[in-house]
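What follows is a short report on a single structure.
Numbering of residues begins at 1 and proceeds along the displayed sequence.
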Amino acid sequence: MKYDTLIKNGKVVFRNSVKIADLAIQNGKIAVIADKIEETAKQVYDASGQYVMPGMVDIHVHMCEPGRTEWEGFETGTKALAAGGTTTYVGLAE
């Protein structure tokens with residue numbers, strides 16, 4: 001097996017475009033993005049019809065809810081995180 005993970009046929013999101021491609025991951029990092037990757041992997045996922053994009057984890061988030069929701073609450077805070085590419089966050093109590 002050449003790669004740890006192979007994601008096939010996904011709509012890979014680049015900075016200025018979206019392209020159907022395969023993406024290979026080795027040792028926790030993207031190793032290759034190509035039209036077709038023929039090598040094998042320990043795990044293979046078919047992402048046909050799905051978007052493949054980078055995501056960030058924010059481990060220190062304060063949502064002002066309950067409390068100062070006029071400033072930022074759960075709804076506005078999570079929408080802002082998603083718009084910035086954050087896929088996972090850890091909320092800390094105020």
side-chain contact (heavy atoms from CB on, under 4.5 Å) between Asp58 and Leu81, intermediate numbers included: CA-CA 9 Å; Asp58 189 336; Leu81 287 166; 4.1 Å; yes
How would you list, by chain and number, every residue that makes a side chain to side chain donor-acceptor pair (under 3.5 Å) with Ser48, sequence neighbours excluded? Asp46
Taking the side chain as every heavy atom from C-beta outward, state whether Tyr89 and Thr78 have any atom pair closer than 4.5 Å. yes
Qualifying residues under side chain to side chain donor-acceptor pair (under 3.5 Å), relative to Lys42, sequence neighbours excluded: Asp4
All side chain to side chain donor-acceptor pair (under 3.5 Å) counterparts of Lys79, not counting sequence neighbours: Glu75
Those residues at least two apart in sequence (or on a different chain) that pass side-chain contact (heavy atoms from CB on, under 4.5 Å) with Ala31 are Tyr3, Gln26
Show me the donor-acceptor pairs, under 3.5 Å and distance only, between side chains in residues 14-23 and residues at least two apart or in other chains.
| unit_1 | atom_1 | unit_2 | atom_2 | d |
| --- | --- | --- | --- | --- |
| Lys19 | NZ | Asp35 | OD1 | 3.0 |
| Asp22 | OD1 | Asn9 | N | 2.9 |
| Asp22 | OD2 | Lys8 | NZ | 2.8 |
| Asp22 | OD2 | Ile37 | N | 2.9 |

For the residue pair Tyr45 and Thr5, establish whether any side-chain heavy-atom pair is separated by less than 4.5 Å. yes
Kindly write out the residues that satisfy side-chain contact (heavy atoms from CB on, under 4.5 Å) with Gln50, not counting sequence neighbours, or none if the list is empty. Ala47
Is it possible for you to say whether Val52 and Ile33 belong to one hydrophobic cluster, with membership spreading through side-chain heavy-atom contacts below 4.5 Å? yes
Hydrophobic clusters here meaning ILVMFWY residues chained together by side-chain heavy-atom distances under 4.5 Å, can you tell me if Val61 and Phe74 are in one? yes
